[in-house]
Amino acid sequence: AQKVTQAQTEISVVEKEDVTLDCVYETRDTTYYLFWYKQPPSGELVFLIRRNSFDEQNEISGRYSWNFQKSTSSFNFTITASQVVDSAVYFCALSEAHSGNTPLVFGKGTRLSVIA
Amino acid sequence: DAMVIQNPRYQVTQFGKPVTLSCSQTLNHNVMYWYQQKSSQAPKLLFHYYDKDFNNEADTPDNFQSRRPNTSFCFLDIRSPGLGDAAMYLCATSRGLDRGLETQYFGPGTRLLVL
């Protein structure tokens with residue numbers, strides 16, 4: 001069965017600190033996608049990144065970076081030099097190739113608070 | 001430029017009074033989803049449409065219904081809202097060309113309050 005675990009419920013950091021949000025997943029499928037979404041206080045889920053199971057190359061986008069390691073079934077998200085605007089709930093999610101159109105399984109989310 | 005639009009952003013209804021939430025999209029995506037998200041929880045899928053094909057999740061209460069009159073619009077009807085139905089309702093879309101491996105794009109959500 002597919003499952004996504006975000007063990008960190010809440011994290012608080014001071015502005016300009018780096019922070020890593022952990023995501024561990026379980027799947028029996030060999031073809032799958034992993035996602036990160038950001039949900040600011042306004043409520044909208046903002047798509048950040050999608051990574052497919054055959055591409056373990058890490059990705060960097062500005063202050064954001066993602067570390068995908070199949071050996072440990074992890075897809076961690078790092079924010080460098082955090083800012084107050086990064087305060088939000090971050091969801092990791094998994095989508096399997098053989099689950100049809102109802103594939104998105106979310107973790108419980110990590111609430112990040114960046115303090116000025 | 002909004003791609004997935006939800007109206008209204010906030011909705012207040014009375015216990016037992018039917019309410020309809022709306023979602024529209026400018027992406028011309030085939031698939032539209034409705035999620036319920038309660039406080040401090042992950043979004044929970046209620047149902048989705050693949051074009052006109054309706055797919056209900058097994059644990060979605062009968063109190064929740066949906067309509068999709070055309071590609072652009074999808075509605076969530078709550079026939080008799082209870083206090084437990086107070087939540088954020090999120091609409092999402094995906095292209096529908098690659099089942100199971102697509103990015104879902106979310107609207108801003110409608111926060112429902114039941115009095």
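The CG atom of B:Leu90 lies 5.5 Å from the CG atom of A:Leu45; values are rounded to the nearest 0.5 Å. Going from atom CZ of A:Arg111 over to atom OG of B:Ser40 covers 5.5 Å, rounded to the nearest 0.5 Å. The CD atom of B:Glu102 sits 9.0 Å away from atom OH of A:Tyr33, with the distance rounded to the nearest 0.5 Å.
Cluster membership check: A:Leu94 shares its hydrophobic cluster with A:Tyr90, using side-chain heavy-atom separations under 4.5 Å among Ile, Leu, Val, Met, Phe, Trp and Tyr. Under a hydrophobic-cluster definition in which Ile, Leu, Val, Met, Phe, Trp and Tyr are linked whenever side-chain heavy atoms come within less than 4.5 Å, directly or via other members, B:Phe54 and B:Trp34 are assigned to the same cluster. Residues B:Leu45 and B:Leu112 are members of separate hydrophobic clusters, defined by side-chain heavy-atom contacts under 4.5 angstrom among Ile, Leu, Val, Met, Phe, Trp and Tyr. With hydrophobic clusters built from ILVMFWY side chains whose heavy atoms lie under 4.5 angstrom apart, A:Leu21 shares a cluster with A:Val114. A:Ile11 and A:Ile79 fall within the same hydrophobic cluster, defined by Ile, Leu, Val, Met, Phe, Trp and Tyr side-chain heavy atoms under 4.5 Å apart, directly or through other members.
A ring pair (Phe, Tyr, Trp, His ring centres under 6.0 Å) with A:Tyr37 is found for exactly one of B:Tyr35, B:Phe106, B:Tyr105, namely B:Phe106.
Considering every non-hydrogen atom in both A:Gly107 and B:Ala42, the closest pair reads O-CB, 3.2 Å. Closest approach of B:Arg9 to A:Ser42, counting heavy atoms only: NH2-O, 3.3 Å.
The interface of residues 46-54 of chain A with chain B, defined by heavy-atom distances below 4.5 Å, comprises A:Phe47, A:Arg50.
B:Asp62 CG: 12 or fewer foreign heavy atoms inside a 6.0 Å radius. For CG of B:Leu115, the number of neighbouring non-hydrogen atoms (other residues, nucleotides, ligands) closer than 6.0 Å is greater than 12. Sparse packing is recorded around NZ of B:Lys17, with 12 or fewer heavy atoms of other residues, nucleotides or ligands lying under 6.0 Å away. Within a 6.0 Å radius of NZ in A:Lys38, more than 12 heavy atoms belonging to other residues, nucleotides or ligands are found.
Using a 4.5 Å cut-off between heavy atoms, A:Gln39 touches chain B through its side chain atoms alone. At a 4.5 Å heavy-atom cutoff, the contact between B:Gln37 and chain A is made by side-chain atoms alone. Looking at A:Tyr32, the atoms closer than 4.5 Å to chain B (heavy atoms on both sides) all sit in the backbone: N, CA, C or O.
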